[in-house]
Number of protein chains: 2
Amino acid sequence: MFTLSEENYLKAIYHLELDASKGISTNAIAEKLDTKASSVTDMVKKLSEKEVVIYKKYKGVTLTELGKTIAANVVRKHRLWEVFLVQKLNFSWDEVHDVAEQLEHIKSAKLIDQLDSFLGFPTHDPHGDPIPDRDGNLKTIEKSLLATLSKNESGICVGVDDSSSEFLQFLDKKGITLGKKITILDKEDFDDSLSILIEDRKLNISNKIANNLYIKKA
Amino acid sequence: MFTLSEENYLKAIYHLELDASKGISTNAIAEKLDTKASSVTDMVKKLSEKEVVIYKKYKGVTLTELGKTIAANVVRKHRLWEVFLVQKLNFSWDEVHDVAEQLEHIKSAKLIDQLDSFLGFPTHDPHGDPIPDRDGNLKTIEKSLLATLSKNESGICVGVDDSSSEFLQFLDKKGITLGKKITILDKEDFDDSLSILIEDRKLNISNKIANNLYIKKA
DNA sequence: ATATATTTTTAGTCAAGTCTAAAAATTAAT
DNA sequence: ATTAATTTTTAGACTTGACTAAAAATATAT
């Protein structure tokens, strides 16, 4: 059995491994968890003892298969709870994260299986992130950052990279929600800002926004 | 803010105070929480600092109004989650306790308000125990132990005293569930066992059972 | 290739919550 | 009203997870 702290470390390493080929540095983990590298070293030794990570001094950390499974399961729980909060309890997508951070540590296989079923076996959370299955596998769909699309290309909005409540509330204000179709009307070379069409409305958005919105090309 | 451990102490004291007029002894708390009296002394000092209990050495502990409110809120969460598990996730009433013990510590006012609403503002949990309102008040209904009824009296089954899964499963097996009408057909002086009528079926039950079943007299 | 800068680890400390064993207070018994 | 039994508290130690400051290893720059 793993403690709340251990689960958070595994989850952090799991997320960091998604976009990093080498071993994860203790510093990177420390930053992600808002703690100190020395604390990470201690914990990583413990996790290594428990055979959920492989750790060589000064060489960074990688998850073992077991570690990956455990981390994916925490992520699965987190995302299922997010769906629950939005679909059943009328939370908005920018309110769910902190509560899901707590709920993801509840231990009960039956609970999560039944929740999954109750929600109709959702495949993605409210931010468009895929929900791992019971074995920890997640099918990733081909999605592109809006910023990478060319003029006149279009697609469906399927996810966000940054899921801070500030960004999500900004999207709400602009009427940009998952599932909507977006077409690039124009790209401005000067500042890489975009002119887009979304549901018959024309909108100008900055490059920063375009770099945090995922599109499934049509 | 209170830690998980602090909340569990407050809840234990809260439950113990329900059927005890004097201050609660550290020993009683220790037994309830399956810990040692010395640990309780330490914690009770801390809770006293935080003004949620009143503690005089060797004299036992009582909750302050603040302490009562906090404890009642934990109990409220516990019981709402139990309702959720049974009504929405198809748990049986003997499976919910351990999971609710975890869920009761999730911190989010919105979560619990929305859950309450989602469940239709239930007044009692699956074991017939009342759910405190947002202010910690609970309305107790007049209920009697089945063992206290006399021959030919009858009433509705409204709760259990012992909610161990063993006892609950026993009741399931016998077809005794909340809401059913029970009539005392006969009482046996020798062993205080009862002959009862429940939904046209005649049943013999021991005194031990009768002392753990609550009835609302008809 | 050596010096400098950065990253990572070690060593020692701390707080929360628990424990055991011993001491002190309270309660019960003669 | 002492003595004996029980309960409660204190004192000191342990574990988990974190921290700071110093040492060691690695990476960078001239």
Side-chain angles (χ1 to χ4, degrees), chain A residues 1-14 16-17 19-63 67 70-71 74 101-102 104-107, chain B residues 1-14 16-17 20-63 67 70-71 74 101-102 104-105 107:
Chain A
M1 198 60 77
F2 292 84
T3 67
L4 187 145
S5 226
E6 289 169 340
E7 286 190 347
N8 281 334
Y9 273 92
L10 290 174
K11 183 168 60 114
I13 299 166
Y14 178 85
L16 289 167
E17 276 189 351
D19 30 30
S21 40
K22 338 130 213 164
I24 309 301
S25 75
T26 50
N27 247 355
I29 298 168
E31 179 164 17
K32 185 126 204 164
L33 292 177
D34 196 27
T35 182
K36 294 294 150 74
S38 54
S39 308
V40 175
T41 302
D42 286 348
M43 179 57 91
V44 144
K45 283 179 183 169
K46 204 173 79 168
L47 293 175
S48 175
E49 287 290 314
K50 290 193 167 190
E51 306 196 337
V52 286
V53 304
I54 291 168
Y55 167 59
K56 295 265 169 52
K57 276 186 193 177
Y58 297 99
K59 296 300 177 192
V61 186
T62 52
L63 292 174
I70 293 164
V74 175
E101 286 284 296
Q102 299 177 64
E104 73 188 6
H105 300 291
I106 303 292
K107 285 163 181 60
Chain B
M1 199 59 79
F2 292 83
T3 67
L4 188 145
S5 223
E6 290 169 340
E7 286 189 348
N8 281 335
Y9 274 91
L10 291 174
K11 185 168 59 113
I13 299 167
Y14 178 85
L16 289 167
E17 275 190 352
S21 40
K22 340 128 211 165
I24 308 301
S25 74
T26 51
N27 247 355
I29 299 168
E31 179 164 17
K32 185 125 202 163
L33 292 177
D34 197 25
T35 181
K36 293 293 150 74
S38 54
S39 308
V40 175
T41 302
D42 286 348
M43 178 57 90
V44 143
K45 283 178 184 170
K46 205 174 78 169
L47 293 175
S48 176
E49 287 289 315
K50 291 193 166 189
E51 306 196 339
V52 286
V53 303
I54 292 169
Y55 168 60
K56 295 265 171 50
K57 276 186 193 175
Y58 297 99
K59 296 300 177 191
V61 187
T62 51
L63 292 175
I70 293 165
V74 175
E101 286 285 296
Q102 300 177 63
E104 72 187 7
H105 300 291
K107 284 164 182 59

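- Between B:M43 atom CE and D:dT10 atom C1' the separation is 18 Å, expressed in whole Å.
- In this structure, NZ of A:K22 is placed 13 Å from C1' of D:dA27, rounded to the nearest angstrom.
- Contact check, A:T3 against D:dT16: no side-chain N or O comes under 4.0 Å of OP1 or OP2.
- A close approach under 4.0 Å does occur between a side-chain nitrogen or oxygen of A:S5 and OP1 or OP2 of D:dA18.
- For the pair A:N27 CG and C:dT9 C1', the computed distance is 11 Å after rounding to whole Å.
- One atom, NZ of A:K45, and another, C1' of C:dT8, lie 10 Å apart when rounded to the nearest Å.
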**Report entry** B/S/- contact track for nucleotides 21-26 of chain C, protein heavy atom under 4.0 Å
**Finding:** ---BSS
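- Counting non-hydrogen atoms under 4.0 angstrom, B:S39 reaches a base of the nucleic acid.
- Protein atom CG of A:L4 is 15 Å distant from nucleotide atom P of D:dT16, rounded to whole Å.
- Other residues, nucleotides and ligands place more than 12 heavy atoms under 6.0 Å from the CD atom of B:Q102.
- For the segment residues 47-55 of chain A, the set of residues with a heavy atom within less than 4.0 Å of an atom of DNA chain C comprises A:Y55, in numerical order.
- Per the geometry, CG belonging to B:D42 stands 12 Å off P belonging to C:dA16, to the nearest Å.
- The distance from atom NZ of A:K36 to atom C1' of D:dA21 is 12 Å, rounded to the nearest whole Å.
- The shortest heavy-atom contact between B:A37 and B:N27 is CB-OD1, 3.6 Å.
- When the P atom of C:dC19 is taken as reference, atom CG of B:L33 falls 10 Å away, rounded to whole Å.
- Residue pairs meeting the side-chain hydrogen bond (donor to acceptor under 3.5 Å, both in side chains) criterion with at least one member in residues 47-59 of chain A, sequence neighbours excluded: A:E6-A:K50.
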